[in-house]
Peer 1: 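Shown below is the structure under consideration.
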Amino acid sequence: MPQPSVPSDPIASITAQTAAEIAESVRDLVDTGKLAPGAGLPPVRALAEQLEVNRNTVVAAYGLLVQAGVAVTRGRAGTKIVDLQPLPQEGFANITGMVDIASGNPDPDLLPPASKALAQLAADEPVLYGQPVIDPDLAAWARKALTTDVGDAELTVTAGSADAVQRLLADSLTIGDAVGFEQPCFLTTIQTAQAAGYRPVAMPVDTEGLTVQGLRAALDEGIRALVVTPRAQNPTGVVISEPRAKALRDLLTDYPHVLVIEDDHFWQLSGHPYRSIIPQDHPRWALVRSVSKSLGPDLRVGIVGSDTLTASRLSTHIRSGAMWVSHLLQRLTYLLTSNPETPAKLEYAAAEYAQANARLVAALAAQSIAAVSDDGVNAWINLGTIASPIVEALSRRGWLVRDGAEFSLDHTDDAVEHIRVTIHQLSTIQVEHFVADLTAILAQEGS
Ligand SMILES: Cc1ncc(COP(=O)(O)O)c(C=O)c1O
């Protein structure tokens with residue numbers, strides 16, 4: 001395919017006169033690859049002189065580009081074309097020859113086996129256009145499973161929690177809107193905020209979950225939506241306590257316009273009750289539950305219960321794009337979850353995750369290293385010192401771990417002194433080696 005020739009100064013080709021025309025011309029240059037991500041736009045004065053227009057016209061044009069998410073203004077550094085850098089992703093590591101305890105993945109051996117369900121699927125009739133978007137059996141199962149927590153609210157099927165959170169936010173927000181996220185925060189949620197151009201407002205999490213002070217400050221900053229994890233918070237493993245949930249509900253009562261999204265991803269495996277922060281009769285809310293941790297991340301199935309307006313926006317959004325979540329996946333989810341052997345398998349998996357993490361936390365405590373893992377598949381280890389050199393030292397000994405800094409929205413918290421590890425696939429000996437290596441590295445660092 002012929003490559004377009006790139007002029008040395010693409011901006012010189014602009015001849016527009018109004019703010020809207022200048023912004024359009026810059027967008028054309030970006031969309032045809034002539035202005036690269038991260039390219040700087042000329043200073044306002046220079047472009048105004050080049051085009052022989054008023055400086056305010058160029059200021060307005062740059063404002064339009066920022067509003068459209070095409071450019072960003074960095075104070076004295078000027079205005080630049082947006083450059084989305086890839087952020088770290090869950091489960092993704094391309095380093096070989098290391099023991100990967102950074103993944104955040106469920107244990108494949110603890111997922112219910114799919115072979116029988118797949119054989120059943122093969123016998124099903126093909127699903128065509130025009131059929132109900134939710135598989136009727138899955139709908140009935142989801143209604144039963146969620147009824148205590150969402151009553152008769154409408155249910156929607158999405159491609160997992162990440163898809164649900166992204167669409168829910170997109171349906172209610174525009175670029176630049178402030179959104180409250182837990183700090184430290186699940187990596188995929190940070191990605192969503194960055195890609196969509198929202199203004200993330202960090203809401204600290206402590207041992208009882210999202211802090212009241214953090215939520216209050218975020219509400220004062222004008223957030224229009226927030227995302228919280230009621231249990232198995234990722235990366236900390238924290239569960240919201242009942243007194244904390246009540247205090248958060250009380251506070252949110254005065255903010256009925258704020259969309260409260262609860263990402264309850266560990267619901268089928270959690271050893272803790274679901275404690276909601278959504279006030280009674282709150283007009284804008286969504287409870288998101290995926291089957292990624294319990295049945296497998298590749299199912300890409302999430303169930304969302306939400307208020308009527310949110311549900312209608314969400315289903316319209318899905319209908320206009322993906323149209324529906326494949327019935328093959330919905331059906332497989334239903335067949336797996338309704339298998340009479342599955343409840344016992346999930347109970348076993350839940351106990352395995354909890355015990356593996358408790359054993360690690362106890363082994364670290366014996367070496368005076370503080371760690372928590374109240375719920376979920378990860379443990380959050382407090383190193384009491386900046387994590388990056390420890391992460392490097394661990395990698396030299398063959399351990400791949402997640403630097404806590406990756407989960408921090410603004411690096412103002414102590415996440416930078418933590419690492420997150422997922423150890424349930426390690427043998428007892430490997431866990432002992434890991435604890436011994438970490439202890440030795442920390443002792444060396446402190447000497
Ligand atoms: C906080 C949180 N939410 C959601 C998920 C699952 O996301 P999805 O359903 O998109 O696979 C995870 C998985 O690690 C998680 O930690």
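What you see is a predicted model, and the numbers here were worked out from it, not measured in a lab. Counting starts at 1 for both ligands and their atoms, following the listed order.
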Peer 1: Going by distance only, is there an N or O of Thr229 that falls short of 3.5 Å from an N or O of ligand 1?
Peer 2: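 In this structure, Thr229 places no N or O atom under 3.5 Å from an N or O of ligand 1.
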Peer 1: Return the minimal non-hydrogen interatomic distance between Pro230 and Val228, and the atom names on each side.
Peer 2: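 So the minimum-distance heavy-atom pair works out to CD-O, 3.6 Å.
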Peer 1: So, is Ala162 polar-close to ligand 1, with some N/O to N/O distance under 3.5 Å?
Peer 2: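 Looking only at distances, the answer is yes, because the N/O contact criterion of under 3.5 Å is met.
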Peer 1: Only distances under 3.5 Å count here; give the side-chain donor-acceptor pairs of residues 357-370 to other protein atoms, sequence neighbours excluded, each with its distance to 0.1 Å.
Peer 2:
unit_1	atom_1	unit_2	atom_2	d
Asn357	ND2	Tyr353	O	3.3
Asn357	ND2	Ser373	OG	3.2
Asn357	ND2	Gly376	O	3.2

Peer 1: Side chains of His317 and Asp171: is there a donor and an acceptor less than 3.5 Å apart?
Peer 2: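 Their side chains do contain a donor-acceptor pair, which is all the 3.5 Å distance test asks for.
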Peer 1: With atoms numbered from 1 as shown, which atoms in ligand 1 lie under 4.0 angstrom from a non-hydrogen atom of Ser292?
Peer 2: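 Those of ligand 1 that fall under 4.0 Å from Ser292 are 8 (P), 9 (O), 11 (O).
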Peer 1: With a cut-off of 3.5 Å and sequence neighbours excluded, list every side-chain donor-acceptor pair involving residues 116-131.
Peer 2:
unit_1	atom_1	unit_2	atom_2	d
Asp124	OD2	Arg331	NE	3.3
Gln131	OE1	Leu128	N	2.8

Peer 1: Is it possible for you to check whether Arg289 lies under 6.0 Å from the centre of the six-membered ring of Tyr274, through NZ or CZ, and within 45° of that ring's axis?
Peer 2: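 Yes - Arg289 lies over the ring of Tyr274, closer than 6.0 Å to its centre and within 45° of its axis.
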Peer 1: Does Pro297 approach ligand 1 within less than 4.0 angstrom via side chain, backbone, both or neither, non-hydrogen atoms only?
Peer 2: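 Neither; nothing of Pro297 gets under 4.0 Å from ligand 1.
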Peer 1: Below 4.0 angstrom from a heavy atom of Arg300, which ligand 1 atoms are there? Numbered from 1 as shown, please.
Peer 2: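 That gives atoms 8 (P), 10 (O), 11 (O) of ligand 1.
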Peer 1: For the residue pair Gln233 / Thr236, report whether a side-chain donor-acceptor contact shorter than 3.5 Å exists.
Peer 2: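 Indeed, the side chains of Thr236 and Gln233 share at least one donor-acceptor pair under 3.5 Å.
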Peer 1: Just to be sure I'm reading this right: ignoring hydrogens, which of Thr158, Asn234, Asp263 gets closest to atom 2 (C) of ligand 1? Compare them by their nearest heavy atoms.
Peer 2: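 It is Asp263 whose heavy atom sits nearest to atom 2 (C) of ligand 1.
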Peer 1: Between ligand 1 and Lys293, can you find any atom pair, the residue atom being a heavy atom, that is separated by under 4.0 Å?
Peer 2: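 Right, Lys293 reaches ligand 1.
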